[in-house]
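Indexing begins at 1, ligand by ligand and atom by atom, following the structure's order.
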Amino acid sequence: MGIQYYEKNRVFKLDTPKSTYMIGIVDEENFIGHIYYGKTIIDTDMRYLMRSEEIVPSKNNRDRVSFMDSLPMEFSTHGIGDFRESCLSVKTKSGHSACSLSYVSHEIYKGKPLLQDLPATFGDEKDCTTLELTCEDKSLQLRIVLVYTVFEALDVIARSVRVVNVSKEAIYLTKVLSACLDMDNKDFDMLTLYGLWSKERMINRKRITDGKQMISSLRGVSSHQEQPFMAILEPDANEDQGEVFGLNLVYSGNFMAQAEITQFNMLRTAIGINSVDFSWKLETGESFTAPEVVLVYSSEGIGGMTRTYHDLYRNHLIRGEYKDKKRPILINNWEATYFDFDTDKLLSIAEEASKVGIEMLVIDDGWFGTRNDDNCALGDWVVNENKIKGGLKHLTEEVNKLGMKLGIWFEPEMISPDSDLYRAHPDYAIQIAGRTGALARNQLVLDISRKEVRDAIYCSLSKILTDANIEYVKWDMNRALTDLGSICLAEDRQGELYHRYVLGLYELQERLTHDFPHILLENCSSGGGRFDPGMLYYSPQIWCSDDTDAIERLRIQEGTALIYPLSSMGSHIADCPSHSNGRSTPFSTRGYVALAGTFGYELDITKIPKEDRDMIPEQVAMYHKYNDLVRNGNYYRIASYHDNHEYDCYGVVSKDGKEALITYIQVSARPNYRTRRVYLKGLLKDTIYRIEETGEELSGGALMYAGINIANMWGDYLGKLIHIVAI
Ligand code: GLA
């Protein structure tokens, strides 16, 4: 395993436990071609796959364009004959855009470098080996370093790119994607996650056909609408078998991911920062780093890909004190009170909650400035003592006396036109002079590309966090970016604003997590509008969706868990009829569904029906019993109700295979039906397990290949847990 360079053939071979990735240096001109990515192979010379002998450019410049347009490239560049999607494009002072790469040198070392100012997966010398491939465009004097890190124990290759200007004049980067991946077409499918507010991350699979198929965001956030993720699948790949190649960008702003079938029936996949409205001025000696893309290879279908992403993100992306810890069970007052609360109301909720085992009260939107609705006061992070009578310190102390922790909501990146902050600093908002900026939820976005703006915001946040014993922060972000303009950027740098915004955000969260390491941070963006690996680097959990209806959540959480670990999915039991869609579901079912995420409550516990309240201690016990398994185990999709329209089923199996928890939700009851056969997954086939509820003893093989019968329940939206333990 690891990375080898075969000098004679000029081939790099990158091996993970079950995959091989090969790069070749081609021709006297040292082009960098892509040879292979797929199941492990022992060969070291597979250069024939590049077909580079078919046209030899150094001998025959006559057909150079054909060569450029057909060679499988490691990192494609614009303007030199490769008319497929390029990864890199520039504008020189004289206005030219052509750029080409040739190999200069390389370095292979143990470990994994940090990415400058960007979140990225991490690993030490035992976990990882890294290849840095330095190439250049001689005439531009632009150096491009392609960085590949192989994880020893996981089928993961993390790629990133650094562009360094070694010339004597500035150059503009107009496009820097993080990776492309060229393969021969095998009638691949693509898997992406689309959505909208309250319906994030719906799984979408379709055949890749001729031409370009792209997903993207231009909203300044990764977005509800698309995920910075694409998987390429063999047409017969399913949940359990077949080859799957996942690409996930560790980035929280504008992105694009594209699959393209080319004229010669090749597939080029490309992913990175969206080049629309992007440009970056690189002065002499400066470098630009493109975000990391995490490639996952699975020959065990989509499920195999999922479990690799989960392991990688749990162990090599998520950081901080809560990385491997059970999270406190919280109760959030948003759906309980919206803006209508005060200290007494919050304490009455906390008091009831403390009696049933809930561990933390989270005060959501509305505790600051004059914010009694969503029209004002964002940016005024001072406690509204008309509502929080006695102040936040008093409230915290009272909550702490109940044996509970206190958490609080902020929306730090925003500014309301009706706020003291805006009245004092209207220039803090992102804006174009002379143009009326579009409002969304009556708010504007702060220009956090500016250090003084970041400092001002951070100062007011940290004051709140220092003055009272706050142990959790929900960091929200409730609108897309529009009318992009920064008064601090020169004309030729305005195209940097989207990316500088994201860098500003990362810097702020790095500062917060560094200064307040004990605080549990949960990111949020109108629900799940910025649920991406970039944000997971700072917060171990992200609010999954504003849709808290348990049935809708099944699909949202299934899509989210396609890539992200269950431990990262913010999930609450809310009141019914659901504030999202008016549906009523049993309290128990809401509990089972929330159990697949971080688990908490979002309701007025003083008002819900007594029988629901009485069920909470049981749910709390259920959480404590199963959360270690849910957080750390291997996740298996067994059945999706959006496919079968009747039931949903998934399981989590402990890493040693000895314990499993199956969640079964009967979404729609069937008449004249007694039992449904369900086939479990991920167990040890020759181990005998006991089903806790029935006492039955069966082998893993029986449970998986023969299945179990689950009795039809009387009514819709009913659920059950099946807990099995090896004996
Ligand atoms: C967003 C969040 C909600 C809630 C509100 C408060 O919509 O997703 O959970 O915090 O903001 O305004």
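- Where the criterion is an N or O separation shorter than 3.5 Å, residue side chain and backbone included, Asp546 meets it with respect to ligand 1.
- Proximity of Gln509 to Leu521: side-chain heavy atoms (C-beta onward) are separated by under 4.5 Å at one or more points.
- Against a heavy-atom cut-off of under 4.0 Å, Gly527 is close to the following atoms of ligand 1: 8 (O).
- Both cation-pi conditions hold for Lys387 and Phe341: the charged atom is under 6.0 angstrom from the six-membered ring centre and inside a 45 degree cone around its axis.
- At least one heavy atom of Lys474 sits closer than 4.0 Å to an atom of ligand 1.
- By heavy-atom distance, the residue among Asn333, Asp373, Asp476 lying nearest atom 2 (C) of ligand 1 is Asp476.
- The residue Asn332 has no part lying near ligand 1, judged by heavy-atom distances below 4.0 Å.
- The aromatic rings of Tyr309 and Phe229 sit perpendicular to each other, their planes meeting at more than 60°, with 30° as the lower class boundary.
- Taking only nitrogen or oxygen atoms, main chain and side chain alike, Cys524 does not reach within less than 3.5 Å of ligand 1.
- Checking Leu378, Asp547, Asp374, Asp365 against atom 6 (C) of ligand 1, the nearest heavy atom belongs to Asp365.
- Ligand 1 has a nitrogen or oxygen under 3.5 angstrom from a nitrogen or oxygen of Asp364.
- Look at Lys345 and Asp342 and you find no salt bridge, because none of the NZ, NE, NH1 or NH2 atoms lies under 4.0 Å from a carboxylate O.
- By the 3.5 Å distance cut-off applied to N or O atoms, Arg371 is not counted among the residues near ligand 1.
- Proximity to Asn478 (heavy-atom distance under 4.0 Å) selects the following atoms of ligand 1: 1 (C), 7 (O), 11 (O).
- Considering backbone and side-chain atoms alike, Arg441 places an N or O below 3.5 Å from some N or O of ligand 1.
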